Every structure is written in C-alpha cells, then in structure tokens.
Amino acid sequence: MAVQEVNLLIHSATQLITCAADGPKRGANLCDIGMIPDGALAVTNGEIVAVGASSVLRSTYSASQEIDASGMVVCPGFVDPHTHAVYAGDRVNEFEMRVGGASYLDIMAAGGGILSTMRATRGANLDALVAQTRRRLDVLLALGTTTVEIKTGYGLEPNHELKLLQAIELLASSHPIEIIPTFLGAHAIPPEYAERSDDYVELVVQEMIPRVADWHRNSWFAQQRPDDALFIDVFCERHAFSAAQTQRILAAGFAAGMRPKAHVDQFTSLGGVAIAIQLGAISVDHLEVTNADDIALLAQSDTIGVVIPAANVNLGVPHHAPARDLVDAGVALALCTDLNPGSAPCYSLPLVMGLACRYMKLLPAEAFNAATINAAYAIGCGDRLGSLEIGKQADILVLDVPDYRHVAYYLGGNPVQQVVKNGRVI
Ligand code: NIG
Ligand code: FE
C-alpha cells in the first residue's frame, strides 16, 4: 500500500490513552481508558484519521509535521464541563474571611459571595471582561484544557447577562480554546430583587430567556453549530432558587429551545436532581449532599453527574460528593474545575483529577475518563470530542510523564508538554 500523506503524525507514545467510547462511560467501563502501548495517531485537516501501533502508522503515513512522544503519554485534550470563567475582579478578601472561620453561605447571605462578583462584573465593560477572561483561558489551555464550558451569572440583569454572553462569544471566536456557552441568569437573587425572588424569576423567564434565545440564534455559536442548543443552568439552593423556581426557569428555557443543566445539592438537597432529570437535563452538577434515592434516579437517566472536588477543598469542607457511590450505582460521572472567584478559584483539571482520586476514591483511570470523554458528553460534545478515535476532532495532549497515572499522582504540577487543538500544534 502506498504511503499516505497526512498533516501530523504523533508516534512512539509510551502510552496512548484513547478514552475510546460509544457513549458516556458508566460502572466498570469507566476504568477502561483504551490504552495503546507504543501508540501513534495521524491527523489531517483537524481530524484524527488513524490510531494504532507506532510501527504500523509510521509505515503507513508520511506527515508534514511529526511529534516523537517517546517516554511520554498522549491523550485527549481535557474537557472542563463547568466553569464561571467570565467575571471581573476577585474575592481574595472572602478567601481570607473563610480561612478565619466564616462560611460560604454566611458570606453569601450577608451580600458578599456571588453578589460581590456581580457588582465588580456589572462595573466592568465588555473589553475589560474579555481581557481578564482571556488570561484565564491562556492558563486553562496551558494546563491541557482544550474545551471549556463557561456560564454567565454575574450580570443578573438582562443587559449585563447579555454583556457576559457577548464576552464569551468574542473569546470563543478569537481564542484557540473551544468554548461552550451556558446561560445562568438564575445564579443568585440580585439586590434589586431581595425578598422578592419570584419577581426575579419572572424577569428571567419573561425577559432574559427570550432575549438570550434571540442572541443565540444570531450568534457565532449558532453559525458554527446550528444544531447545538444553548445550555441553561440554575443554582438550586437555599438563599438562591427553590425547587419550584428551578423547575419554572428550566422549563421556560427548554420551551425556548435551550437544554437544561443545574447546580444541585451543593449544600442542601432541595429535590433539584429529580426536576432536572425530568426536564431532560444534560447534566446535574455539584451533588455534594445527594441522597441514595437521587443517586438511583440519576443512574437510570441519561443525565451526566458532574462533581467538583476543588470546591469543598477550597471551602475547607471535609465532606465530598459521593462519587464512588455514583459510579458504582451506574451514573455517568464527569469532573470539572468550576473555575470561579468564590467557591473554586481552580484552573487545573490535573489537580482536580488528583483530588478526585484522594477524596472521592476514583481510580486514576476513572478520573481520566471523567475529565475527557464523560466531560465532553456533559456539554453535548461527546460525539466529536473527548477521545482519540478516527473521525474525531484532533484535540490532543502530549504529557511529559511515563504513565497516565502520574497526572493524578502529582498535585499541582503541569504534565502538559504540548497541546494540539483542532489539529493545530499550539
Ligand atoms: O458552582 N454554587 C454556585 N455557583 C458557583 C459559585 C460561584 C461563586 O462563588 O462565585 C459554584 O460553586
Ligand atoms: Fe458552578
């Protein structure tokens, strides 16, 4: 057979981790990372065209660019399926208050927390927001995150929420990292609506959702992927949105063509899991205090469970989401950073994988699938991202470690040697 020309050949990887899957990975399958020793892959026009043994691929393909990954691990780009990366300012003062003993919910009830970031974000113009966020995306990409979901939720007013969506759109069309947008107008009750949260819910339903749906229809995102729905999220929690309010907002979003997601069971179990599943949510996120009944419900659904070890580590709370029980029950589990200025100022999925192994008793292989293929399914991209398989987008990492388990084993380093996004070496 004649040698075929391709754009890029990565070969001689000590371990090629494919995370190959025919759907979200559950149960024992979450341990299967599809390892090929001395592996290689070929890429043309941003797409993976071959995956296999180095000896075979090196004699079949000739590439204009080659990467010798001897001694290293090659794996899919990491996918971060839950962040609040667009915001202004920081909350380092609250960090210090929490270290001194104040709780996250106390600070939030006293008008700090999400509302303090809301004030900073409302005060920032579009250019400032884009500039601050761009630096965060650079850090994410350097740590191996090639696709990131970003939520609004610090505007909490129609024009400011749209400003956040515009910032996300400007970044998506100009930064190599791929961005999946989520509308989270129901992240907190803004001060103008204190004591009348139902009125704020009506503002979200009557004004924000229609305007946001309109924005999305004409956005760069809809041009790129006309079939992809915008996600809508709600923070279902005490001092935020009740179960009934969550249901009302997600149902209104669904009716406007959006796909639900929800922050549920972070501190209080209000029944958000069942509501979200019933509305066909693509994911339910947090799950720190999810009970056995809801675990069983989730296991029987197509909804992905997204857990956030960095949040409680950051908040100094010893308890964690029951990730081991979730996996053993058959829930399709994913990991995220939750990158935000309050509960999780965390950029690093490698660190999150390390925390998930230690605090949630995931095996390194499970953490790997949870931060790649399952994370991609949590944001509707599992069919095209999250694994190294023929036909998938060439989002690839070369890790300077001899064994994939080193990623979770080291805490706080950066194993990423090279990032390939959409076939392009960054
Ligand atoms: O996922 N819980 C609600 N939202 C974020 C926190 C955002 C913030 O603290 O600014 C979360 O933890
Ligand atoms: Fe969050």
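From a predicted model like this one, the values you see are computed outputs, not experimental measurements. Whatever order the structure lists ligands and atoms in, that order sets their numbers, starting from 1.
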| Minimum non-hydrogen distance to atom 6 (C) of ligand 1, winning option of Tyr104, Phe235, Tyr87 | Tyr104
| Proximal atoms of ligand 1 relative to Tyr154 (non-hydrogen, under 4.0 Å) | 7 (C), 8 (C), 10 (O)
| query | Arg91 heavy atoms, cut-off 4.0 Å: which ligand 1 atoms fall inside? | reply | 8 (C), 9 (O), 10 (O)
| query | Does ligand 1 have any atom sitting under 4.0 Å from a heavy atom of Ile114? | reply | yes
| Electrostatic pair Asp214-Arg211, nearest N-O below 4.0 angstrom | no
| request: In plain terms, say whether Lys421 and Glu178 are close enough for a salt bridge, that is, a side-chain N and a carboxylate O under 4.0 Å apart. | output: yes
| Asp265 side chain reached by Thr268 side chain, heavy atoms, under 4.5 Å | no
| Which of these, Arg196, Gln245, Gln206, sits in a side chain to side chain contact (heavy atoms under 4.5 Å, CB included) with Val201? | Gln245
| query | Where the closest heavy atom to atom 11 (C) of ligand 1 is concerned, which of Thr83, Asp338, Leu339 has it? | reply | Asp338
| said: When you measure from the Fe ion (ligand 2) to the N, O or S atoms of His82, does any of those distances fall below 2.8 Å? | reply: yes
| Identity and separation of the nearest protein heavy atom to atom 12 (O) of ligand 1 | Ser343 OG, 2.5 Å
| remark: Among non-hydrogen protein atoms, atom 2 (N) of ligand 1 lies closest to Gln266 OE1, 2.7 Å
| Geometry at the Fe ion (ligand 2) - His263 NE2 versus His84 NE2 angle, rounded to 10 degrees | 100°
| query | Charged N to carboxylate O under 4.0 angstrom, Arg122 versus Glu192? | reply | yes
| Should you measure from each heavy atom of His82, which atoms of ligand 1 turn up under 4.0 Å away? | 1 (O)
| message | Do Asp285 and His263 pair up side chain to side chain, a donor and an acceptor below 3.5 Å, judged on atom types alone? | response | no
| query | Under 3.5 Å between some N or O of ligand 1 and some N or O of His187? | reply | yes
| Starting from atom 5 (C) of ligand 1, which protein heavy atom do you reach first, and at what distance in Å? | His84 NE2, 3.5 Å
| query | With a 4.0 Å cut-off on heavy atoms, is Glu237 touching ligand 1? | reply | no
| said: Can you tell me if, anywhere in Asp338, an N/O/S atom lies at a distance from the Fe ion (ligand 2) that is smaller than 2.8 Å? | reply: yes
| Picking from His84, Lys151, Lys261, what satisfies side-chain hydrogen bond (donor to acceptor under 3.5 Å, both in side chains) with Asp233? | Lys151
| request: Answer yes or no: is there a side-chain heavy-atom contact under 4.5 Å between Val420 and Val43? | output: no
| said: Looking at every heavy atom in both Thr117 and Arg91, which two are closest together, and how far apart are they? | reply: OG1-NH1, 2.6 Å
| task | Would you please determine whether Met108 falls within less than 4.0 Å of ligand 1 on a heavy-atom basis? | result | no
| task | Take Asn45 and Glu47 through the test side-chain hydrogen bond (donor to acceptor under 3.5 Å, both in side chains) and record every step on the way to the result. | result | CA-CA 6 Å; Asn45 297 329; Glu47 189 177 301; over 6 Å; no
